[in-house]
There are 2 protein chains.
Amino acid sequence: MEDKYAGLKLGNQLCFPLYACSREIVKKYKPYLDELDLTYTQYITMMVLWERGQINVKELGECLYLDSGTLTPLLKKLETKGWVTRQRAKEDERVLIVTLTDKGRELRDKAAVVPEKMSCCVKLSPDEVKTLYTLLYKMLGDI
Amino acid sequence: MEDKYAGLKLGNQLCFPLYACSREIVKKYKPYLDELDLTYTQYITMMVLWERGQINVKELGECLYLDSGTLTPLLKKLETKGWVTRQRAKEDERVLIVTLTDKGRELRDKAAVVPEKMSCCVKLSPDEVKTLYTLLYKMLGDI
DNA sequence: CACAATTACATTGCATGCAATTTGTTTTAT
DNA sequence: ATAAAACAAATTGCATGCAATGTAATTGTG
């Protein structure tokens, strides 16, 4: 006979390992990011800026799936550290443009070693990583 | 020529879609959990208790990958709502035993519909879900 | 037995995340 | 042109997460 509560088991829900994995991996980043004086969220924000140099808050939020409630205070911290500047767009004063500074660009060299060091932590084969990666992005796209 | 910063791209890091997916799915749960007056973290805590009826904080933390800094205040809230009780173990006063109440057990019936409703949100095929699930647990086990 | 080391939980402090609301700006519709 | 609607950030309030520290109970050791 069926267990009407089967779906309620932790081990039967996709969301739980996703949630747990995410936090465990972010935790693995910590020692490396501490050396750069970055939190994980600040790190992925800087990754976007290292790629694009400049971006407004709305677009940044779309890249990272984060809203201004999270980003505004975070960006102010990055500004305090001197890695980005924040200024309103002249064409549209509603828009805030975040720009990477030279000092922020320098940080990229120190950060370049982080992905290598992290790759050792994940014990999946390259094929498994690729599969996982593809499924996660498929999921993200549908959500 | 190789881009020495290739590893630093958001799109090349496994952690990012994991982090984003996790948050997006938890967000999907919110309307259903709001009806039960549960947050996501409270929900997975209750799932463990619905299965086991009773558990101490240390074991609960191992199940959920959470520590007492997160669980202590959360369990106090669940106690305030009348869904669990908290009492020290007689054999070892350091251990805090969390026990599901009758009222907490009743909540399970209302919660039973949540997994069904959520399964519609994920657009992956059953095979893909299984693959994803397996890879995530493999990763969690290695970490 | 005495006492140092462990252990389990609680507390504190900081950084998210996010919903809801507010503020200021721009666009749209009349 | 102007009021309403839409838009982009900022602000507020609440609930995590987690490292670091504190506290009380238990265990291990000489």
Side-chain angles (χ1 to χ4, degrees), chain A residues 16 18-31 33-34 36-46 55-81 84 86-98 143, chain B residues 16 18-31 33-34 36-46 55-81 84 86-98 143:
Chain A
F16 175 68
L18 213 48
Y19 164 80
C21 254
S22 167
R23 287 183 297 110
E24 290 301 309
I25 295 193
V26 167
K27 234 182 280 184
K28 286 281 187 187
Y29 273 93
K30 188 167 191 305
L33 296 183
D34 278 352
L36 309 180
D37 191 22
L38 283 173
T39 63
Y40 181 74
T41 316
Q42 289 167 10
Y43 170 64
I44 58 176
T45 301
M46 290 303 289
I55 193 170
N56 67 50
V57 174
K58 177 184 158 65
E59 288 175 329
L60 181 59
E62 286 165 358
C63 288
L64 301 178
Y65 296 84
L66 291 170
D67 72 358
S68 68
T70 301
L71 289 175
T72 296
L74 186 149
L75 291 169
K76 285 181 178 174
K77 279 169 207 158
L78 293 181
E79 187 180 39
T80 301
K81 297 185 207 233
V84 307
R86 299 162 67 247
Q87 71 228 339
R88 295 283 168 177
K90 290 196 195 69
E91 328 82 67
D92 186 340
E93 289 277 346
R94 290 172 304 182
V95 174
L96 186 92
I97 300 175
V98 183
I143 281 172
Chain B
F16 175 68
L18 213 46
Y19 164 81
C21 252
S22 167
R23 287 184 296 110
E24 289 302 307
I25 295 193
V26 167
K27 233 181 281 184
K28 286 281 187 187
Y29 273 93
K30 189 167 190 304
L33 296 183
D34 278 351
L36 309 179
D37 190 23
L38 284 174
T39 64
Y40 181 74
T41 316
Q42 289 167 9
Y43 170 63
I44 58 176
T45 301
M46 291 301 289
I55 194 171
N56 68 50
V57 174
K58 177 183 158 64
E59 287 175 329
L60 182 59
E62 286 165 359
C63 288
L64 302 178
Y65 296 83
L66 291 170
D67 72 357
S68 69
T70 302
L71 290 175
T72 296
L74 186 149
L75 291 169
K76 285 181 178 174
K77 278 169 207 159
L78 293 182
E79 187 180 39
T80 301
K81 298 185 205 232
V84 307
R86 298 162 68 246
Q87 69 227 339
R88 294 285 168 177
K90 291 195 195 70
E91 328 81 68
D92 186 340
E93 287 279 346
R94 290 172 306 180
V95 175
L96 186 91
I97 300 175
V98 183
I143 281 172

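When reading the values below, keep in mind they use all heavy atoms of this one structure, side chains included, and skip hydrogens, waters and symmetry mates. Residue numbers start from 1 in every chain, and the chains themselves are labelled A, B, ... in the order their sequence lines are given, proteins ahead of strands.
We find that CD of Gln42(B) is positioned 10 Å from P of dG17(D), with the value rounded to whole Å. Rounded to an integer number of Å, the gap from CD1 of Ile44(A) to C1' of dG17(C) is 11 Å. In this entry the distance linking CG of Asp34(A) with P of dC14(C) reads 15 Å, nearest Å. Rounding to whole angstrom units, CG of residue Leu75(B) and C1' of dT16(D) are separated by 13 Å. In this structure, Lys28(A) atom NZ and dA19(D) atom P are separated by 12 Å, rounded to whole Å. Between Arg23(A) atom CZ and dT16(C) atom P there is a gap of 17 Å when expressed in whole angstrom units. Remark: P of dG17(D) and CZ of Phe16(A) are 11 Å apart, rounded to the nearest angstrom. The interatomic distance linking Leu33(B) (CG) with dC18(C) (C1') rounds to 14 Å, in whole Å.
With Thr45(B) as reference, Leu74(B) is the one residue of Leu74(B), Ile55(B), Val84(B) to meet the side chain to side chain contact (heavy atoms under 4.5 Å, CB included) rule.
Near DNA chain C, meaning a heavy atom under 4.0 Å from it, residues 56-69 of chain A has Tyr65(A), Leu66(A), Asp67(A), Gly69(A) in order of number.
For Glu93(A), the side-chain atoms get nearest to dT26(C) when compared with the rest of dT26(C), dA10(C), dG17(D). Of all nucleotides listed (dA10(D), dT26(D), dA10(C)), dT26(D) comes nearest to the side chain of Asp92(B).
Between the side chain of Arg94(B) and the base of dC9(C) there is no donor-acceptor pair of N/O atoms closer than 3.5 Å.
Between Tyr65(B) and Phe16(A), some side-chain heavy-atom pair lies under the 4.5 Å cut-off. By the 4.5 Å heavy-atom criterion applied to side chains, Leu66(A) and Arg23(B) are counted as neighbours. Two residues are said to be in side-chain contact when any heavy atoms from C-beta on lie closer than 4.5 Å; Leu18(B) and Leu18(A) meet this criterion.
Distances shorter than 4.0 Å separate none of the side-chain N or O atoms of Lys77(A) from OP1 or OP2 on dC14(C). For the OP1/OP2 pair of dA15(D) and a distance below 4.0 Å, the side-chain nitrogens and oxygens of Thr70(B) include no atom meeting the criterion. Within the structure, a side-chain polar atom (N or O) of Thr41(A) is placed less than 4.0 Å from OP1 or OP2 of dG17(C). A sub-4.0 Å separation between OP1 or OP2 of dA10(D) and a side-chain N or O of Arg86(A) is present. At dG17(C), one or more side-chain N or O atoms of Tyr19(B) fall inside 4.0 Å of OP1 or OP2 (strictly under the cut-off). Proximity of Arg88(B) to the phosphate of dC9(C): no side-chain N or O atom is located under 4.0 Å from OP1 or OP2. Proximity of Thr39(B) to the phosphate of dA15(D): no side-chain N or O atom is located under 4.0 Å from OP1 or OP2. An OP1 or OP2 oxygen of dT16(C) is reached within less than 4.0 angstrom by no side-chain nitrogen or oxygen of Lys76(A).
Note: Tyr19(B) and Tyr40(A) have perpendicular aromatic rings, judged against thresholds of 30 and 60 degrees for the angle between ring planes.
Within 4.0 Å (heavy atoms only), Leu71(A) reaches no atom of the nucleic acid at all.
A distance-only check finds no donor-acceptor pair linking the side chain of Arg86(A) to the backbone of Ile97(A) [under 3.5 Å]. A distance-only check finds no donor-acceptor pair linking the side chain of Lys77(A) to the backbone of Gln42(A) [under 3.5 Å].
Where Ile97(A) and Lys27(A) meet DNA chain D, the nucleotide closest to each residue was compared, and Ile97(A) sits on the side nearer the 5' end.
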Derivation and outcome, salt bridge (Lys or Arg N to Asp or Glu O under 4.0 Å), residues Lys27(B) and Glu24(B): CA-CA 5 Å; Lys27(B) 233 181 281 184; Glu24(B) 289 302 307; 3.1 Å; yes
